[in-house]
Amino acid sequence: MTSLFALVDCNNFYASCERAFNPTLEGKPLVVLSNNDGCVIARSNEAKALGIQMGAPAFEIRDLMEREGVHVFSSNYELYGDMSRRVTMILAEYTPNLEIYSIDESFLDLGNFRHVNLEQHAREIWERVPRATGIPVAVGVSVTKTLAKLANRLAKKSKKANGVLVLTDPMHIEAALKATEVGDIWGVGRRYAKKLAQFGIYTAYDLTQQTDSFVKKHMTVVGLRTVRELRGEPCIELELAPPTKQNICTSRSFGEPLTQLSDIEEALAAHTVRCAAKLRKQQSCANAFTIILETSRFIDPRQTYLNSRTVQLESPTASELVLVPKALEALRILFRPGFRYKRTGILVSGLVPATQVQQSLFEPDHRQRDQDLMQTLDFLRKRFGHTALRYGVQGTGKKWQLKSENLSPCYTTRLEGLLKVW
DNA sequence: TCTGGGGTCCTAGGACCC
DNA sequence: TCTGGGGTCCTAGGACCC
């Protein structure tokens with residue numbers, strides 16, 4: 001039996017979320033900016049039509065946006081996360097096997113749906129999700145995940161497809177491969193596209209015609225898997241449960257450049273607390289952590305500074321009480337006066353399941369005490385918000401906090417947002 | 001003045017061991 | 001032509017994804 005996958009992708013997801021609660025934005029150009037209101041990370045179709053590029057720095061297009069009356073939003077991940085859960089719940093009704101691939105994309109296993117009219121089934125999903133959630137989607141169906149991605153892309157692009165494309169007929173697959181540039185394949189980025197062009201390989205079809213050894217030589221085994229999938233041979237399985245993360249990173253740019261160690265300490269303490277909470281959420285402990293400290297990358301190279309410091313822990317931990325002081329200690333070693341710093345962060349690594357933690361022979365055993373305290377903290381923060389309980393060293397965060405000047409209300413998760421919808 | 005924040009996997013090369 | 005051979009572990013760097 002051959003496999004069958006659908007990829008359901010939300011159109012302009014963050015932009016659509018903002019619009020879902022504000023119908024007056026229908027048909028208007030709208031963009032969502034990254035953290036710190038830095039660059040464009042989502043655009044409505046109308047904004048795309050104005051020529052606003054993905055990743056464009058906000059300051060470069062400010063004039064254009066003002067002139068054209070573009071509605072600008074700071075990113076509101078609380079809202080997007082909640083909308084994403086709503087979409088996923090609808091999709092789960094259409095398959096027993098669902099992979100939540102990202103905040104706005106899911107793969108559906110349709111392996112046992114051969115008897116149904118696929119076109120009709122996909123079209124039903126396409127209609128149902130926006131009706132239930134306000135978020136428009138596109139649906140691509142094919143025999144491998146990579147081809148389903150490709151079908152999804154064409155479903156969005158082609159007027160005739162109108163949001164739904166089922167790609168199972170070999171003739172249709174070949175035509176689709178010929179119509180797709182090599183750099184638009186899932187798993188082939190800009191670097192490889194450039195390299196392949198030097199060999200005269202421009203379309204997905206061209207790539208499928210290469211020998212396995214050629215592909216492996218230039219694109220490693222990862223690229224070979226992609227090519228086999230394009231040829232219709234499934235190599236990438238559905239991931240039903242999210243894999244346990246092997247690293248967890250929490251870092252943010254500062255709202256404005258910082259020169260004082262004490263301000264940066266505040267930021268790093270806050271990031272470390274968030275990072276430790278993420279660790280506990282996946283029930284892991286870290287064996288090591290790395291602290292990153294850097295200036296802006298967009299200034300005179302003589303004024304830039306980028307350094308990191310990795311610290312091995314005596315025994316794996318997820319306790320803030322251990323991590324915060326050690327993180328700050330590492331930061332003080334990294335810090336050089338005289339630079340204008342833009343970002344700091346922590347990455348925890350060497351993660352092991354919390355249940356398998358071995359106690360070091362040389363450290364006093366604070367584990368039980370720490371665990372109890374962390375449990376209490378997690379409970380209180382869940383109930384009262386993650387900033388409800390802070391350490392003194394975190395300060396008030398005024399100096400380093402993100403710029404978010406155009407934040408929409410958290411319509412779905414906060415009282416003031418709910419009232420506004422009413 | 002102003003340019004995001006997460007992640008993954010693979011490979012090559014060096015250190016070190018027997 | 002060939003400085004021995006083979007294994008593991010670690011890190012840095014490069015590619016990719018959203």
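Small disclaimer: the values here were computed from a predicted structure and weren't measured. Throughout, a chain's letter reflects where its sequence line sits, starting with A, and its residues are numbered from 1.
Within the 4.5 Å cutoff, side-chain heavy atoms of A:Ile264 are placed close to those of A:Leu331. Between A:Arg128 and A:Ile125 there is no side-chain heavy-atom pair separated by less than 4.5 Å.
You'll find that the side chain of A:Thr220 is closest to B:dC10, out of C:dC18, C:dC16, B:dC10. In this structure, of B:dC9, B:dG4, B:dT3, it is B:dG4 that holds the atom nearest to the side chain of A:Ile41. Comparing B:dG4, C:dA15, B:dG5 by their closest approach to the side chain of A:Phe298 singles out B:dG4. The side chain of A:Gln246 lies closest to B:dT8, out of C:dC17, B:dC10, B:dT8. With distances taken from any side-chain atom of A:Ser102 to the nucleotides C:dC18, B:dC10, B:dT3, the minimum falls on C:dC18. Comparing C:dC18, B:dC10, B:dG4 by their closest approach to the side chain of A:Val221 singles out B:dC10.
Between A:Ser408 and A:Asn76, the side chains place a donor N or O and an acceptor N or O closer than 3.5 Å (distance only, hydrogens not considered). At a cut-off of 3.5 Å, with distance as the only test, no side-chain donor of A:Tyr341 or A:Gln260 sits close to an acceptor on the other residue. Under 3.5 Å, the side chains of A:Thr95 and A:Asp109 contain no donor-acceptor pair of N or O atoms.
Across all strands, A:Asn247 comes closer than 4.0 Å only to sugar-phosphate atoms, never to a base (heavy-atom distances). If you check every strand for non-hydrogen atoms under 4.0 Å, A:Lys278 touches sugar and phosphate atoms only. Nucleic acid contact for A:Ile248: sugar-phosphate only, since backbone atoms but no base atoms lie under 4.0 Å from a heavy atom of the residue. Within the nucleic acid shown, A:Glu256 has no heavy atom closer than 4.0 Å to any nucleic acid atom. Contact annotation for A:Leu347: no contact, since no heavy-atom pair falls under 4.0 Å across all strands. Contact annotation for A:Pro243: no contact, since no heavy-atom pair falls under 4.0 Å across all strands. Within 4.0 Å of A:Arg252, counting heavy atoms only, lie sugar-phosphate atoms of the nucleic acid but no base atom. Heavy atoms of A:Asn35 sit under 4.0 angstrom from primed sugar atoms or phosphate atoms, though from no base atom. When heavy atoms are screened at a 4.0 angstrom cut-off, A:Glu60 is found touching no nucleic acid atom at all. Here A:Thr250 lies in heavy-atom contact (under 4.0 Å) with sugar-phosphate atoms only.
Atom OH in A:Tyr80 sits roughly 15 Å away from atom C1' in C:dC18 (whole-Å rounding). When the C1' atom of C:dA15 is taken as reference, atom CZ of A:Arg190 falls 12 Å away, rounded to whole Å. Distance A:Lys195 NZ to C:dC16 P: 9 Å, rounded to the nearest Å. A:Asn76 places its CG atom 16 Å from the C1' atom of B:dG4, with the value rounded to the nearest Å. Following rounding to the nearest Å, A:Glu294 (CD) and B:dT3 (P) show an atom-to-atom distance of 12 Å. In this structure, A:Lys216 atom NZ and B:dA12 atom P are separated by 10 Å, rounded to whole Å. What separates CZ of A:Phe59 from P of B:dT1 is a distance of 10 Å, to the nearest Å. For A:Ile103 and C:dC18, the CD1 to P distance is 14 Å, given to the nearest whole Å.
Taking atom C1' on both B:dG4 and C:dC17, the two are 15 Å apart, rounded to the nearest angstrom.
Distances shorter than 4.0 Å separate some side-chain N or O of A:Lys149 from OP1 or OP2 on C:dC18. At B:dG5, one or more side-chain N or O atoms of A:Ser253 fall inside 4.0 Å of OP1 or OP2 (strictly under the cut-off).
Closest-nucleotide positions on DNA chain B for A:Ser296 and A:Arg225 were compared, and the one nearer the 5' end corresponds to A:Ser296. Position along DNA chain B of the nearest nucleotide to A:Cys249 versus A:Pro57 favours A:Pro57 as the more 5'-ward residue.
The strand DNA chain C forms stems, runs of 3 or more Watson-Crick or G-U wobble pairs with distances below 3.5 Å, at B:5-18 with C:5-18.
Here the closest heavy-atom approach between residue A:Leu91 and residue A:Leu108 is recorded as O-CD2, 4.1 Å. Closest of all the heavy-atom pairs between A:Leu238 and A:Glu99 is CA-OE1, 3.4 Å.
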Subject >> Evaluation steps, ring pair (Phe, Tyr, Trp, His ring centres under 6.0 Å), between A:Trp186 and A:Phe5 >> reply: CA-CA 15 Å; A:Trp186 184 46; A:Phe5 300 95; 10.0 Å; no
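The aromatic rings of A:His218 and A:Phe214 sit tilted, their planes meeting at an angle between 30° and 60°.
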